Structure formats: C-alpha cells, structure tokens
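Because the structure is a prediction, the values reported are computed rather than measured. Each ligand, and each atom within it, is numbered from 1 in the order the structure gives.
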Amino acid sequence: MQDTQLLRYSRHIFLDEIDIAGQEKLEQVTVLIIGCGGLGNACAPILAASGIGHIILCDDDVIEMSNLQRQFAFTSKDIGQSKAEILAQYLAERNDSIKITVFKKRISQEFFLTTLINCDIVIDCTDNSKSRHLINKFSVRTKTPLISASVIQFSGQLMVFDLRQAYAPCYACLFLKTSDNLSCSENGVFSPLVHIIGAAQASEVIKMICGFGQSALGKVIQFEGLNFSSYQFKIEKDFDCSVCNH
Ligand SMILES: [Zn+2]
C-alpha cells in the first residue's frame, strides 16, 4: 500500500479490527449498490471513502426536487439527470483511487446474470417490494451476500442474508410477495432515518469483508426514529420457501 493510501485510510488502519490487512481486503472487493436514492446516497459515500475497490451503481431513475431533502449527493442543478451518474461523480470527487461503474438501466435477469455473479456483496437500496424480491431471488441463485434495508416514515429495517451458510434464510422466507406496499413518495420519510439505516448498511459491508464484530446476519434490526430505539428478531428459515428451497 502506498504512503498516500496509508494516510488516507489511517483512521481505519489504526483499528485493530481493520488494520492494513482489512484495508487491503476492502480494496479488492466489488460491491453492487442497487438504488441510488436515499439509502444509496447514504451508504455509497461511506463505502467510497472507506476504500471499497470497485463500486457498481445501478438506478434507471432521474433526480427530482423532492429527493433533495435527503439525497445529499444531488443539488437542484442536477434535477432531471441520472441518479446513478451524478452519485458516481460525487463518489469519484471524494475518492479518485477507486473504480466506479454505472448502470442506468432497470434491473433485469440479464443484468443479474452478467453483473451479480462478479460481485462480492449486493446492497439493496431500492424502495419497493417488487425490486427487493427480484434482488433476493438472484442473490440466492448466485449465493451473493445481500445487505437489505427499507425505510418508511420514522421506521427503518436492516437485514443481512448469506446463502453461502447452511440453513440460512432469505428475504422471501420473511416477506411474502404481496406484503410491504407502502412507499416513501406517498407516505413520507424522515431524512435523518435514511442516513442512519444507509450508514448501517455500509457498516455491515465493512464488517463482513474484514470479518469482525457481530453482524445482522439472519436477523431483522428494526429501528424507530421517533424515540431512537431499536430491537431485533431472528429470521427463521422457511423450509417451504419457493426461492431458497428448491
Ligand atoms: Zn427463502
């Protein structure tokens, strides 16, 4: 590792849990972030600044005025532009030593089969149940660890799935396809909450790659922004699940 890199990442390298070995692991991984809205805006800059070697950003959406309350990589002059592209520029300005790839397309089977297979971790930063189930389906198929989250009003959820482990549950073991139809555009979302949960997703990524701490693996971490409290419960594997048991 070069001197400039040692200096840039020194506050992480000082941590015994990361050290130079952990920092080098971060540089070697590819992380796919699907969704460049609130959670993506919170999560991606932390991962870029922390030195994740390759970040792939995927979103077919464009920036709107109503995004600016919580999506800080965007300004009013970016309205109408690609979220993935502007977020990529924001990340590159903050760390030019990492690789960033942009996909401005809607997620598809072809996308997963060509892209997900080459990723170490996928982060679900989407805002709807349909996308979450699709991402889950393909991450189960490729056995790619999935850091999933959702935010609505003052409540957030964080979940980590890793089908490389025996008897591990998947997202579909917990949520039926018909559940979770609330949207931020119709119900609102508290700006600080998006950043707390997005930062928690980034934290889970770094911990998983470097192998320290206790992860949210196989659990739901429920966070309530109204009283700054959280609780967690275990996700039971559904042995009749149509996605992970076949
Ligand atoms: Zn399942």
D124-T126 side chain donor-acceptor pair, cut-off 3.5 Å: yes
Protein N/O/S atoms closer than 2.8 Å to the Zn ion (ligand 1): C170 SG, C173 SG, C241 SG, C244 SG
Fellow cluster residues of L193, listed by chain then number, with links counted only when side-chain atoms sit under 4.5 Å apart: L39, V151, F154, V189, F190, V194, I196, I197, F223, L226, F228
Whether H133 and Y171 hold their rings parallel, tilted or perpendicular, with breakpoints at 30° and 60°: perpendicular
Side-chain polar contacts of residues 6-15 - donor-acceptor pairs under 3.5 angstrom, sequence neighbours left out - could you list them?
{"unit_1": "R8", "atom_1": "NH1", "unit_2": "R94", "atom_2": "O", "d": "3.2"}
{"unit_1": "Y9", "atom_1": "OH", "unit_2": "N95", "atom_2": "ND2", "d": "3.0"}
{"unit_1": "S10", "atom_1": "OG", "unit_2": "L7", "atom_2": "O", "d": "3.0"}

Which atom pairs, one a donor and one an acceptor, fall under 3.5 Å between side chains of residues 30-38 and the rest of the protein, sequence neighbours left out?
{"unit_1": "T30", "atom_1": "OG1", "unit_2": "H54", "atom_2": "ND1", "d": "3.4"}

Common cluster, I52/I121, ILVMFWY with side-chain heavy-atom separation under 4.5 Å: yes
